[in-house]
J.: 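I have a structure I would like to understand better, so I am pasting it below and will then ask my questions one at a time.
Values below: every heavy atom of this structure, side chains too, minus hydrogens, waters and symmetry copies.
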Amino acid sequence: MREEVKRFCSSACRLSSSSSSSCSSNSTRLLWVLVPLILVSGLLSNFGPTLPALHFLSASSPANETASSRGGGMVVVGGGGEEKKAISDELPLLNRSSSPPVSVREVLDFQVQQPSNGTEDEDVDLEFLTASGPAASPAPGADSEAVNGTLDLQLGKRRRKEITNLDKVEAGLQQARLAIKEAKYGNQTLEDSDYVPAGPMYWNAGAFHRSYREMEKQFKVFVYEEGEPPVFHNGPCKSIYSMEGNFIHRMEIDPQFRTRDPEKAHVFFLPFSVAMLVQFVYIRDSHDFGPIRRTVTDYVDRVAEKYPYWNRSLGADHFMLACHDWGPETSFSVPLLGKNSIRALCNANTSERFNPVKDVSFPEINLRTGTTNGFIGGPSPSKRSILAFFAGGVHGPIRPVLLNHWENKKDPDIRVHQYLPKGISYYDMMRQSKFCLCPSGYEVASPRVVEAIYAGCVPVLISDHYVPPFSDVLNWKSFSVEVPVGEIPNLKRILEGISSRQYIRMQRRVLQVRKHFEVNSPPRRYDVFHMILHSIWLRRLNVRIQGGEFAITR
């Protein structure tokens with residue numbers, strides 16, 4: 001290279017009128033100028049493209065400033081009344097309305113975010129911030145700390161990053177993501193003394209088993225202690241809304257999953273009961289939802305002002321749980337709660353903005369006595385003489401259609417009643433039936449789904465826009481029948497079209513998945529309490545939080 005420069009200089013000198021001595025002097029000076037420039041140019045081409053991709057954009061970054069100027073920003077709840085710009089709608093928020101609908105099966109289909117150079121260093125190794133690039137001089141007047149950080153990046157030095165508790169939490173979640181991904185493709189086998197999921201009832205039994213074991217190993221929930229009973233830290237443990245109080249009570253006394261150190265928590269539980277809000281805050285027959293809305297808003301404001309965790313994630317690692325019909329409406333009292341937070345709901349209605357990617361559908365269980373004693377069990381398929389059975393009140397748009405077509409048909413195979421004749425037991429009728437009809441009422445959820453499973457009766461789901469419980473891991477089509485509302489007149493033909501062999505398979509699978517819907521005191525592995533937690537765990541795996549920013553990973 002040096003010889004080429006000399007030849008260039010000699011040619012330039014011959015064309016000029018300068019003397020040979022001055023030409024030689026100029027050649028030397030030009031050589032010392034050109035060589036460093038050429039070397040720097042080579043360094044730029046070699047190292048420039050290897051700068052790491054940034055997976056998280058802060059609210060103050062230029063990209064976000066541009067997005068905010070377009071009206072994409074939101075205001076964070078709480079924080080001492082100080083307004084902060086949140087991640088704009090142009091970034092991958094959990095439930096962007098512009099995103100295409102995602103199948104519930106995709107919740108287990110984790111795709112780990114990859115840096116631009118195709119390695120996994122940035123995702124797995126959280127202890128070091130590694131980057132390289134060309135050397136450059138600091139700009140005049142630049143902040144010394146920023147200059148030092150820039151030089152570290154440009155000189156390609158591995159600079160030790162201060163490890164925070166959040167980094168440790170996210171590192172554990174990343175390990176779980178990778179383990180589940182391995183199990184999904186059958187690369188892992190785990191022994192389990194209690195239960196090993198298997199069969200077509202699961203979308204991917206291996207991935208579910210690994211995910212469940214990872215949950216047991218590390219999942220921690222922080223329960224906010226603010227708020228007073230009966231609206232907070234309390235809920236009904238009997239009746240149709242029993243799962244609200246049951247879960248709140250169990251979560252608060254659970255020795256395995258609850259942590260009292262918020263720095264170790266993966267998720268944060270907002271322990272208010274919608275059923276109790278309706279009973280004690282709502283003014284009966286007032287048609288005024290304002291008191292409930294203000295109560296929830298004040299509560300979120302309170303925890304956001306006292307703790308940094310709500311504003312850190314914009315609520316994405318917080319969850320609420322409600323079995324009352326008004327659960328979805330209550331969640332929208334705080335925009336970020338409805339938009340970003342994990343909402344565990346019995347009323348899992350996609351037409352009311354239920355989002356299976358971030359929200360959890362859990363079963364409505366009517367614990368009439370507070371326990372399941374006497375409700376679980378039933379005869380074998382050969383002793384079930386009734387093809388299909390339903391009894392229930394007329395409310396909502398679907399049940400009138402069902403009763404209109406089948407109540408007075410006097411068909412011995414299809415027993416549909418608004419009121420059961422005296423002396424006939426509702427649960428005995430379920431135990432004598434092959435299929436139990438589960439039409440939606442005013443809302444999509446129905447306790448008959450779990451009642452059918454308890455009785456060993458194959459549930460027939462008749463609803464619109466309903467996401468069945470635990471659909472992230474359970475393949476409902478393998479152990480239940482879905483009948484569109486428009487096909488109610490053809491109900492008998494549909495059920496009779498299921499062969500005896502197929503029915504026996506479905507009934508056997510109902511008995512196998514029943515453990516996931518049982519309420520136990522104390523809870524047992526894989527029961528309904530743990531399945532609710534597991535669904536929340538899965539949604540947390542879909543969120544990555546770093547330094548006050550979050551992104552979805554699917």
Side-chain angles (χ1 to χ4, degrees), residues 101 104 240-241 323-329 345-354 356 361 363-366 384-422 424-455 457-469 471 476-498 502-503 506-507 510:
V104 291
I240 199 172
Y241 304 129
C323 210
H324 195 279
D325 296 348
W326 292 1
E329 183 64 27
L345 303 171
C346 287
N347 186 15
N349 188 340
T350 57
S351 71
E352 296 179 0
R353 293 186 281 177
F354 180 88
S361 174
E364 191 172 81
I365 303 177
N366 190 356
R384 295 175 180 265
S385 58
I386 302 172
L387 179 63
F389 165 73
F390 168 79
V394 181
H395 56 82
I398 297 176
R399 294 186 186 182
V401 178
L402 178 65
L403 289 164
N404 180 58
H405 279 279
W406 295 104
E407 183 178 19
N408 298 316
K409 296 296 183 182
K410 296 183 180 180
D411 190 321
D413 293 326
I414 307 289
R415 306 286 185 91
V416 174
H417 305 274
Q418 182 176 356
Y419 302 104
L420 276 175
K422 290 183 178 181
I424 296 181
S425 167
Y426 174 80
Y427 295 102
D428 285 345
M429 289 293 290
M430 279 195 158
R431 295 186 182 100
Q432 295 174 40
S433 302
K434 292 182 173 67
F435 298 94
C436 290
L437 308 181
C438 307
S440 296
Y442 286 125
E443 302 296 345
V444 292
S446 169
R448 284 166 182 78
V449 177
V450 173
E451 290 169 347
I453 293 174
Y454 282 0
C457 183
V458 176
V460 179
L461 308 182
I462 310 175
S463 62
D464 290 324
H465 313 295
Y466 181 45
V467 178
S471 295
W476 278 79
K477 291 183 178 180
S478 71
F479 61 89
S480 69
V481 180
E482 295 181 8
V483 175
V485 176
E487 292 294 323
I488 287 177
N490 301 319
L491 192 57
K492 185 174 182 177
R493 180 180 59 81
I494 293 171
L495 297 180
E496 286 183 334
I498 298 173
Q502 180 63 14
Y503 162 71
M506 296 177 73
Q507 199 269 347
V510 167

J.: Nearest heavy-atom pair of Val510 and Cys457: which atoms, and what distance?
T.: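 It is CG1-O, 4.2 Å.
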J.: Nearest 0.5 Å please: distance from the CD1 atom of Ile240 over to the CD1 atom of Ile365.
T.: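 So the CD1 of Ile240 and the CD1 of Ile365 are separated by 11.5 Å.
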J.: What pairs with Glu451 under side chain to side chain donor-acceptor pair (under 3.5 Å), at least two apart in sequence or on another chain?
T.: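 Per chain and number, Glu451 pairs via side chain to side chain donor-acceptor pair (under 3.5 Å) with Tyr426.
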J.: In chain order, what residues pass the side chain to side chain donor-acceptor pair (under 3.5 Å) check against Arg415, with sequence neighbours excluded?
T.: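 If we apply the side chain to side chain donor-acceptor pair (under 3.5 Å) test to Arg415, skipping adjacent residues, there are no hits.
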J.: Do side-chain atoms of Ser351 reach the backbone of His465 as a donor and acceptor pair under 3.5 angstrom?
T.: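 Judged by distance alone, no pair lies under 3.5 Å.
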J.: Mind checking side chain to side chain donor-acceptor pair (under 3.5 Å) for Glu352 and listing every partner two or more places apart, or none if nothing turns up?
T.: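 With neighbours one apart ignored, the set is Asn347.
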J.: Work out which heavy atom in Gln418 is nearest to a heavy atom in Leu403; give both atom names and the distance.
T.: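 Taking every non-hydrogen atom into account, N-CD2, 3.9 Å.
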J.: Excluding sequence neighbours, so at least two apart, what forms side-chain contact (heavy atoms from CB on, under 4.5 Å) with Gln507?
T.: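 By the side-chain contact (heavy atoms from CB on, under 4.5 Å) rule, Gln507 matches Pro381, Arg384, Val458, Tyr503, Leu511.
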J.: Please list, chain by chain and in numerical order, all residues satisfying side chain to side chain donor-acceptor pair (under 3.5 Å) with Ser425, sequence neighbours excluded.
T.: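 For Ser425 there are no side chain to side chain donor-acceptor pair (under 3.5 Å) partners, ignoring immediate neighbours.
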J.: Between SG of Cys323 and CD of Glu443, what distance do you get to the nearest 0.5 Å?
T.: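 Cys323 SG to Glu443 CD: 11.5 Å, rounded to 0.5 Å.
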J.: State the CG-CH2 distance between Leu437 and Trp406, to the nearest 0.5 angstrom.
T.: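 It comes to 10.0 Å.
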J.: So which heavy atom on Cys346 is nearest to which on Ala445, and how close?
T.: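 So the two residues come closest at O-CB, 3.2 Å.
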J.: Tyr241: which residues meet the ring pair (Phe, Tyr, Trp, His ring centres under 6.0 Å) condition with it, sequence neighbours left out?
T.: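 Once residues adjacent in sequence are excluded, the partners of Tyr241 under the ring pair (Phe, Tyr, Trp, His ring centres under 6.0 Å) criterion are His324.
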J.: Going by the rule side-chain contact (heavy atoms from CB on, under 4.5 Å), which residues pair with Pro421 if we only count those two or more places apart in sequence or in a different chain?
T.: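 Residues passing side-chain contact (heavy atoms from CB on, under 4.5 Å) with Pro421: His417, Ile424.
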J.: In Å, rounded to the nearest 0.5 Å, how long is the span from CD1 of Ile453 to OG of Ser480?
T.: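 Here the interatomic distance stands at 8.0 Å.
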J.: Would you confirm whether Trp476, through its side chain, and Pro469, through its main-chain N or O, come within 3.5 Å as a donor-acceptor pair?
T.: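 Judged by distance alone, yes, a pair lies under 3.5 Å.
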J.: Kindly list each side-chain donor-acceptor pair under 3.5 angstrom involving residues 387-398, sequence neighbours excluded, with atom names and distances?
T.:
unit_1: His395; atom_1: ND1; unit_2: Tyr442; atom_2: N; d: 3.3
unit_1: His395; atom_1: NE2; unit_2: Arg399; atom_2: NH1; d: 3.0

J.: Could you pull out all residues at least two apart from Cys438 that satisfy disulfide bond (SG atoms under 2.5 Å apart)?
T.: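 With neighbours one apart ignored, the set is empty.
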J.: Are any non-hydrogen side-chain atoms of Leu461 and Pro468 less than 4.5 angstrom apart?
T.: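 With C-beta onward as the side chain, the pair touches.
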J.: With Glu407, which residues qualify under salt bridge (charged side-chain N to carboxylate O under 4.0 Å, His left out), at least two apart?
T.: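 Listed in chain order: nothing, the list is empty.
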J.: Kindly state each residue pair satisfying side chain to side chain donor-acceptor pair (under 3.5 Å) with at least one member in residues 431-441, sequence neighbours excluded.
T.: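 Every side chain to side chain donor-acceptor pair (under 3.5 Å) pair that includes a residue of residues 431-441, provided the two are not neighbours, is Asp428-Arg431.
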J.: Less than 4.5 Å apart, any side-chain heavy atom of Val449 and any of Pro363?
T.: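 Answer no - side chains too far apart.
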J.: Identify all side-chain donor-acceptor contacts of residues 486-494 below 3.5 Å with residues at least two apart in sequence or on another chain.
T.:
unit_1: Glu487; atom_1: OE1; unit_2: Asn490; atom_2: ND2; d: 2.9
unit_1: Lys492; atom_1: NZ; unit_2: Asp411; atom_2: OD1; d: 3.4
unit_1: Lys492; atom_1: NZ; unit_2: Asp411; atom_2: OD2; d: 3.0
unit_1: Lys492; atom_1: NZ; unit_2: Asp413; atom_2: OD2; d: 3.3

J.: How long is the straight-line distance from NZ of Lys477 back to CE of Met506, given to the nearest 0.5 Å?
T.: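 These two atoms lie 11.5 Å from each other.
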J.: Walk me through whether Phe435 and Ile498 qualify under side-chain contact (heavy atoms from CB on, under 4.5 Å).
T.: CA-CA 11 Å; Phe435 298 94; Ile498 298 173; 3.9 Å; yes
